[in-house]
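Here the structure is a predicted model, which is why all the values come from computation and not from measurement.
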2 protein chains.
Amino acid sequence: MESIYEKCPFMTTQRVLQGKWAIVVLYQLSTGTKRFNELEKLMPEVTRAVLTRQLRQLEDDKLINRKVYAEVPPRVEYSLSPLGDKFKKILDEIEIFGLEYINELKITK
Amino acid sequence: MESIYEKCPFMTTQRVLQGKWAIVVLYQLSTGTKRFNELEKLMPEVTRAVLTRQLRQLEDDKLINRKVYAEVPPRVEYSLSPLGDKFKKILDEIEIFGLEYINELKITK
DNA sequence: CAGGATCCCCCTGGATACTG
DNA sequence: CAGTATCCAGGGGGATCCTG
């Protein structure tokens, strides 16, 4: 890890958000705990392998929790960590901005 | 452009934030209009070519304005567009989150 | 059900050299 | 001063196939 990441809150957040599906996954989990295949259904554009990698990445970055139940068939639940919970504020603003952005460009173009 | 980008505010914002230096550039411009070489000095880790590309990308995405003055030596000023201005709210939350993130991981690790 | 293991390919960041 | 023009290498996304 480099020094700029440790000092600058913007670079730090940027690093966490690099994954193409990071924001959407965090959003999905912000509405509640989800199982793996629930996330799959909510995000049909993402393949399994990619979704798994994105989840691992967010887990490594301490934004989400992964809970495995020792059952058959297996059950795995993903949820926001305490740190991930603090990300919700960003998500709220992203949603507002995103909608405005979509609207604005619809008019302009 | 694909349909999911046009509909989902999270995907839309994600696309805009893909560039490695997007957030930092937006932050720098959120504190006021800057010339190209000011940005260079504020972000020494980024090379010229890369910074230029990032600026063009944000310009294409309508988040920043590029104003060229017909002078010698040339002067180019970058600033937030009206749309970019709306991004400030996200930046505020990113800063808060980033600082909390840095703090938390310092303690945990 | 929830993945793991590979492979491939493209895109993007970065380095370097040149310019109106 | 504020870029362009190339080139290169690495990594991440995506597809496909396999598994406890």
Candidates [options] - which lies nearest the side chain of [X]:
X        : options                  : answer
Val50(A) : dG3(C), dA15(C), dG14(D) : dG14(D)
Lys20(A) : dG14(D), dG14(C), dC1(D) : dG14(D)
Phe36(B) : dC1(C), dG3(D), dG3(C)   : dG3(D)
Trp21(B) : dA15(D), dG14(C), dC1(C) : dG14(C)
Val76(A) : dC1(D), dA2(C), dG14(D)  : dA2(C)
Pro74(A) : dG3(D), dG13(D), dA2(C)  : dA2(C)

(message) Walk me through whether Glu77(A) and Arg66(A) qualify under salt bridge (charged side-chain N to carboxylate O under 4.0 Å, His left out).
(response) CA-CA 6 Å; Glu77(A) 285 183 354; Arg66(A) 178 170 176 268; over 6 Å; no
(message) I'd like to know if Arg53(B) reaches the base of dG3(D) with its side chain, counting only an N/O donor and acceptor under 3.5 Å.
(response) no
(message) Is there, by distance only and without an angle test, a donor paired with an acceptor across the side chain of Arg48(B) and the base of dA2(D) below 3.5 Å?
(response) yes
(message) Can you tell me how the ring of Phe87(B) sits relative to the ring of Phe97(A), calling it parallel under 30°, perpendicular over 60° and tilted otherwise?
(response) perpendicular
Which whole-number value in Å describes the distance from [X] [atom1] to [N] [atom2]?
X        : N       : atom1 : atom2 : answer
Lys67(B) : dG3(D)  : NZ    : C1'   : 19 Å
Leu51(A) : dG4(C)  : CG    : P     : 11 Å
Gln18(A) : dG11(D) : CD    : C1'   : 11 Å
Glu59(A) : dA2(C)  : CD    : P     : 15 Å
Leu39(A) : dC1(C)  : CG    : C1'   : 13 Å
Gln14(B) : dG13(D) : CD    : C1'   : 12 Å
Met43(B) : dG13(C) : CE    : P     : 11 Å
Arg15(B) : dG12(D) : CZ    : C1'   : 19 Å

(message) For Lys62(B), is the NZ atom crowded, meaning more than 12 foreign heavy atoms sit under 6.0 Å from it?
(response) no
(message) Can you confirm whether Lys89(B) is buried at NZ, in the sense that more than 12 heavy atoms of other residues, nucleotides or ligands lie under 6.0 Å from that atom?
(response) no
(message) Quick check: on DNA chain D, is the nucleotide nearest Thr47(A) upstream (toward 5') of the one nearest Glu38(B), or the reverse? Name the residue that is more 5'.
(response) Glu38(B)
(message) Please determine whether salt bridge (charged side-chain N to carboxylate O under 4.0 Å, His left out) holds for the pair Arg15(B) and Asp61(B), giving the CA-CA distance in whole Å, both sets of side-chain angles, and the decisive distance to 0.1 Å.
(response) CA-CA 9 Å; Arg15(B) 190 181 58 74; Asp61(B) 288 336; 3.4 Å; yes
Strictly below 4.0 Å: does [X] bring a side-chain N or O up to OP1 or OP2 of [N]?
X        : N      : answer
Arg56(A) : dG4(C) : yes
Arg35(A) : dA2(C) : yes
Tyr78(A) : dC1(C) : no
Arg66(A) : dG3(C) : yes

(message) Could you work out, with side chain to side chain donor-acceptor pair (under 3.5 Å) as the rule, every residue matching Arg48(B), not counting sequence neighbours?
(response) Glu40(B)
